[in-house]
Amino acid sequence: ALKPLGKTLSKPGVRNVVLVEGVRTPFLQAGTTYADLMAHDLARGALQGLLNRTAFPKEAVDYIVYGTVIQEVKTSNVAREAALGAGFSDKTPAHTVTMACISSNQAMTTAVGLVASGQCDAVVAGGVEFMSDVPIRHSRKMRKMMLSLNRARTLGARLSLLGSLRLSHLVPELPAVSEFSTAEMMGHSADRLAAAFGISRLDQDEFALRSHVLAKKAQDEGLLTDIVDFKVPGKDIVSKDNGIRPSTMEQMSKLKPAFIKPHGTVTAANSSYLTDGASAVLIMSEEKALAMGYKPKAYLRDFVYVSQDPKDQLLLGPTYAIPKVLERSGLTLADIDAFEFHEAFAGQVLANLTAMESDWFAQNCMGRKAKVGAPPMEKFNLWGGSLSLGHPFAATGCRLVTMVAHRLKKEGGQYGLVAACAAGGQGHAMLVEACPQ
Amino acid sequence: MALMTRRGAGSAGGGPRSRSQRVHARALASRVCASGARTAMASARVRAAGALARSAFSRYGHFSANGRRSLSASAALLARTHVNYEVKDNVAVIRINDPTSKVNTLTRQLQDDMMEVLNEVWGNSAVKSAVIISTKPGCFIAGANIDMIKVCKSAEEVSKLSKEGQMMFEKIEKSPIPFVAAVNGTCMGGGLEFAIACHYRVATKSKKTVMALPEVMLGLLPGAGGTQRMPKMLGLPTAFDVMLTGRSIRADKAKKMGLVHHVIDPLGPGVKDPEERLIEYLEEVAVGVAKGLAKKTVTVEKKKGLMQKVQDAVLGIPLVRNQVYKTVTQKVMKQTKGLYPAPLSIIEAVQAGVEKGPAEGYHVEAVNFGKLAMTPESRALIGLYQGQVACKKNNFGKPEREVKSLAVLGAGLMGAGIAQVTVDKGVATILKDTTTEGLARGHDQVYKGLNDKAKKKSITTFERDMTLSFLKGQLDYSGFEKVDMVIEAVFEDLSIKHKVLKEVEAVIPPHCIFASNTSALPIREIAAASKRPEKVIGMHYFSPVDKMQLLEIITTDKTSKDTTASAVAVGLKQGKVIIVVGDGPGFYTTRCLAPTLVEGIRILQEGVGPKKLDSLTTGFGFPVGVSTLIDEVGVDVAAHVAEDLGKAFGSRFGGGNVDVLKTMIQKGFKGRKSGKGCYVYSAKKKDKQVNSGTEEILKAFKLTAPPAVSGDEDVQYRLVSRFVNEAALCLQEGILADPVQGDIGAVFGLGFPPCLGGPFRFLDSFGADKLVQKMKRYEDAYGNQFTPCQLLLDYAKDPSKKFHK
């Protein structure tokens with residue numbers, strides 16, 4: 001029996017903002033089929049896919065906001081390059097946002113703001129991450145020398161600069177893998193977080209396995225309809241995620257810890273992996289969407305961003321964000337029908353669930369009277385998550401929102417809740433409400 | 001030193017002194033610690049580690065002294081209160097927690113409980129391995145209980161204690177099952193000796209986890225097998241370094257050195273108190289290791305690097321080892337002038353063990369431990385340690401309001417230094433100067449101070465930036481309406497001080513405290529210009545502020561108790577050891593220093609060369625010789641103070657002719673800052689040469705030395721007796737509240753020989769009567785500068801009277 005619908009979360013005097021469509025390229029493990037592309041190629045794929053699927057007139061797109069984390073220096077405003085390359089109108093402005101793993105959430109909420117305030121009627125948001133190629137720089141010393149060389153006027157000055165070249169100049173600089181503020185790798189922090197909450201290796205492996213099993217099931221049942229095919233030049237058409245690999249507990253237990261050695265609990269198998277992928281969504285005012293004959297998938301309602309200690313609470317964003325967003329909309333956890341959490345690490349997800357179930361944490365760390373409670377597992381990430389589907393940093397946000405909209409439709413629910421953590425000790429949560437069908 | 005604070009002088013502060021002052025701090029440190037044994041193999045880098053105790057000593061603070069133990073002897077039979085255990089998966093988890101104290105120390109009760117538990121564990125065939133852990137937050141075992149040693153009447157008694165410790169740890173070392181020490185928090189002295197007797201060590205990287213063998217700083221040696229196990233574990237050079245400096249070792253460093261096998265990162269908040277969870281987590285990991293050891297999936301042996309193998313091979317040659325002992329001994333002799341017996345005893349114990357075998361080694365360790373405990377040097381150092389602990393408490397109650405924002409006037413060496421130690425503790429600080437140049441220099445000084453820490457990796461560059469964000473440099477008084485305290489460090493001139501006091505009082509809120517960082521100007525004279533003298537106080541910092549531990553707080557009869565409480569609270573937050581003294585010209589520290597310097601000048605006039613004078617003073621235990629000290633303080637500053645205090649105290653402050661200094665100033669010999677003083681300073685040459693120009697001046701002012709009081713020893717005692725007599729006068733007049741603060745101020749602020757424990761400890765051990773006798777001879781030759789004060793005479797008359805109980 002369908003439960004009676006709750007009140008709608010629309011607010012008087014505020015335009016209803018809707019998700020019309022959401023697509024993504026298949027998410028592939030870094031270094032596989034996408035290896036020879038560039039970030040904006042994937043972004044083009046997602047953007048073009050969105051246009052194709054919606055048959056949306058490109059001149060009706062008012063604005064484009066796109067997220068990315070590891071920036072390709074040649075396309076620092078990847079939003080604009082990808083939009084042009086995807087055949088969008090050159091009259092549509094585009095900008096790029098970055099907020100670590102919640103970059104495309106930021107792109108979407110920027111779009112929501114533009115639409116809600118009446119500035120725009122139709123905005124495309126999305127995000128791309130391309131981990132098969134990352135910018136590796138010359139060392140600072142080398143760069144300094146090269147720049148001085150540019151300015152050196154005489155041959156003598158140039159030669160003397162070249163003479164200062166040492167072997168150490170040639171050591172390259174890799175993109176930072178650790179938090180700038182704490183110099184700690186995220187996996188290391190996740191391991192400490194799991195330990196702080198007493199999350200065992202077994203629990204983490206079980207959760208990771210659950211993610212893969214559910215993703216496989218969703219894939220097999222054809223539920224991952226947000227995927228659009230991607231043709232890699234000179235190679236096959238890619239139409240499936242390639243990181244979904246249900247393993248066995250026994251196999252998983254054999255892995256050694258990846259960050260904290262030898263006693264850590266975070267392994268390659270219970271962490272999300274480096275992924276290439278892009279996503280895109282079309283966000284519109286309900287009015288305009290209906291007028292243009294579209295059937296919106298869901299309302300994008302209240303959202304919050306939170307931030308906390310980047311050292312010891314790096315990945316606890318959801319715990320802080322969820323009570324806030326629920327309060328904003330006057331809902332409780334029990335009202336939510338579908339949860340989609342970003343799964344950075346199994347240990348991180350379980351630590352958040354444990355924190356949300358803890359009065360001690362609520363009282364001592366969040367200044368709340370009591371815990372908000374944790375989502376029930378039967379409503380939680382039922383089609384897999386970042387652990388199994390993959391996690392192209394800046395593309396994950398749109399994947400989460402589109403997936404929760406699809407799940408609400410499929411499961412007949414009314415409210416969906418998306419939550420994610422991000423580097424820098426930040427977090428995000430958004431309420432999504434199904435549109436009347 | 002006290003006088004150096006003068007150059008707080010706004011933007012006029014000169015740079016060169018900071019280095020020299022550091023020399024002072026360093027010298028003091030090395031004197032006590034006989035650092036640098038590591039140099040047996042490496043360079044002669046003098047450890048800049050903070051002066052006597054900056055780090056290790058203060059952490060040693062947990063060396064608690066509770067005298068509760070004798071009462072509980074019978075109760076001990078009834079219940080184990082300090083140690084308990086449970087068996088988890090064939091691992092005995094032995095938990096230590098002394099319910100009677102904030103820290104665990106090796107008391108009789110703890111040792112008895114431990115032996116009982118160990119015997120049960122060994123008797124249980126189900127137990128295949130064991131973990132030793134403390135459930136006390138922030139403390140594994142802080143060391144032996146000092147009181148256990150202090151109550152002993154003879155060296156033999158102390159040796160017996162040592163032997164008991166040795167035996168217990170030997171049993172663990174030779175245990176049939178492997179032991180894992182799980183270390184979180186302070187692990188010092190006997191605590192570390194306990195840990196290294198275990199077969200495997202896991203430590204948390206918590207900031208509170210510090211390992212050290214600081215016994216040398218108390219004039220003792222690691223007496224429970226430390227001198228025997230350390231060389232085996234770390235190799236001779238590193239072992240000497242650890243034991244002779246007593247330095248603190250953090251967990252990651254300990255891992256690199258091979259002192260621990262395995263480290264664990266601290267945890268953030270979870271579903272309970274993070275520290276509690278960390279200890280649980282440490283236990284989980286240690287139990288895992290213990291299981292592995294029992295199953296032989298984990299090995300105790302560490303992989304040795306190539307360098308380690310080479311070093312081991314080289315040190316396998318007896319001739320090389322002999323050379324190491326010789327070099328280390330020479331180094332110690334050079335740094336201690338033979339005034340500290342402990343470092344030599346340590347070398348002896350190590351050598352006995354390595355060369356003659358463990359039986360002899362343990363024997364020498366125990367015997368030497370007993371001997372050392374009976375030395376006046378050890379008593380002096382223990383006294384200093386306990387005095388320092390006492391001077392890290394606020395005896396004036398909790399201030400009505402916490403100082404959350406503070407302003408410093410003058411961005412000179414002192415002002416910037418004060419700002420640095422304040423922002424370092426997260427207190428919002430305004431640094432105000434009158435010129436942008438001055439401000440920029442001050443800002444750079446703070447940046448450099450913090451950046452040096454970042455370079456040494458004691459903080460991250462990010463923490464450096466965050467700390468720096470608390471600093472706000474400005475030229476005007478904006479924002480002063482919100483500050484809780486203003487510390488002025490402007491030029492030492494009463495009219496300037498009055499001017500800024502009035503300016504500041506016009507803008508600050510009513511509750512704001514005005515503190516003056518002056519080295520000699522009486523606070524009541526400064527306060528005379530104030531509308532609210534109850535809010536005015538003196539805070540005399542020593543240069544360089546970030547290295548020198550002492551803060552001398554000066555109260556007038558009008559200063560309110562809450563103002564004092566607040567100043568002490570701020571000082572404690574800044575990490576200072578604090579003495580609170582009464583007001584008067586030169587307060588306490590400057591007043592003791594001035595006659596000593598004046599006497600030094602007389603000695604120079606009498607034809608003792610600057611180098612000879614330096615070696616006589618350092619030979620007595622002062623870290624810096626008097627001639628060098630004059631150069632460091634600045635000849636102009638010394639002249640200024642000598643004159644000022646001379647006016648205030650009359651002929652008692654006479655001695656050398658102040659005109660010597662004035663002539664030096666005329667010729668531009670202002671000390672190190674001008675490149676010439678008693679010595680000639682150049683950036684290139686390390687070895688400083690005596691300034692011939694000064695020698696000529698001294699010839700012109702030549703005095704005839706009375707032969708009866710001019711031998712080397714008399715020269716030393718003339719300097720010391722003037723210092724000590726003035727200190728005693730301060731106590732007699734009530735400038736000093738008690739001898740403990742007098743000792744702490746003299747040692748930590750002025751470099752009074754730590755081996756003597758301060759002027760009052762010195763009087764107790766040397767004998768007031770003996771000093772009075774000497775002074776009478778000097779009085780005959782020179783007059784009232786050597787007239788012993790009444791207090792000295794009283795103590796001389798009755799030898800049973802002691803300043804320290």
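The structure presented is a predicted model; accordingly, all values stated were derived computationally and were not measured. No hydrogens, no waters, no symmetry mates; every other heavy atom, side chains included, goes into these values.
- Using a 4.5 Å cut-off between heavy atoms, B:Val285 touches chain A through its side chain atoms alone.
- In this structure, B:Lys256 places its NZ atom where only 12 or fewer heavy-atom neighbours from other residues, nucleotides or ligands lie under 6.0 Å away.
- Atoms NZ and CZ, on B:Lys253 and B:Arg247 in that order, are 5.5 Å from each other to the nearest 0.5 Å.
- A donor-acceptor contact under 3.5 angstrom links the side chains of A:Glu343 and A:Ser211, judged on distance only.
- No more than 12 heavy-atom neighbours from other residues, nucleotides or ligands sit within 6.0 angstrom of NZ on A:Lys324.
- Not a single donor-acceptor pair under 3.5 Å links the side chain of B:Ser175 to the backbone N or O of B:Pro178.
- Classification of the B:His262-B:Tyr200 ring pair by plane angle, with boundaries at 30° and 60°, yields perpendicular.
- The stretch residues 190-206 of chain A places A:Arg192, A:Ala195, A:Ala196, A:Phe197, A:Gly198 near chain B, each with some heavy atom under 4.5 Å from a heavy atom of that chain.
- Remark: the backbone N or O of B:Val263 is not paired with any side-chain donor or acceptor of B:Asp252 at under 3.5 angstrom.
- Annotation for B:Lys255: atom NZ does not count as buried by contact number, only 12 or fewer foreign heavy atoms lying within 6.0 Å.
- For residues 355-367 of chain A, a heavy-atom distance under 4.5 Å to chain B picks out A:Ser358, A:Trp360, A:Phe361, A:Cys365, given by residue number.
- Taking a 6.0 Å sphere around NZ of B:Lys88, one finds it holds more than 12 heavy atoms contributed by other residues, nucleotides or ligands.
- In terms of the ring-ring contact (aromatic ring centres under 6.0 Å, His included) criterion, residue partners of A:His391 (sequence neighbours excluded) are, by chain and number, A:His342, A:Phe393.
- Contacts between B:Val289 and chain A at a heavy-atom distance below 4.5 Å are absent for every atom of the residue.
- Using non-hydrogen atoms only and a strict 4.5 Å limit, the part of residues 274-283 of chain B facing chain A consists of B:Pro274, B:Arg277, B:Tyr281.
- Residue B:Asp424 holds its CG atom at 12.0 Å from NZ of B:Lys573, rounded to the nearest 0.5 Å.
- Judged by distance alone, the side chain of B:Thr209 and the main-chain N or O of B:Gly185 form a donor-acceptor pair under 3.5 Å.
- Remark: the A:Asn352 side chain and the A:Thr319 side chain contain an N/O donor-acceptor pair separated by less than 3.5 Å.
- Between B:Phe179 and B:His199, the ring planes are tilted. Angles from 30° to 60° get that label.
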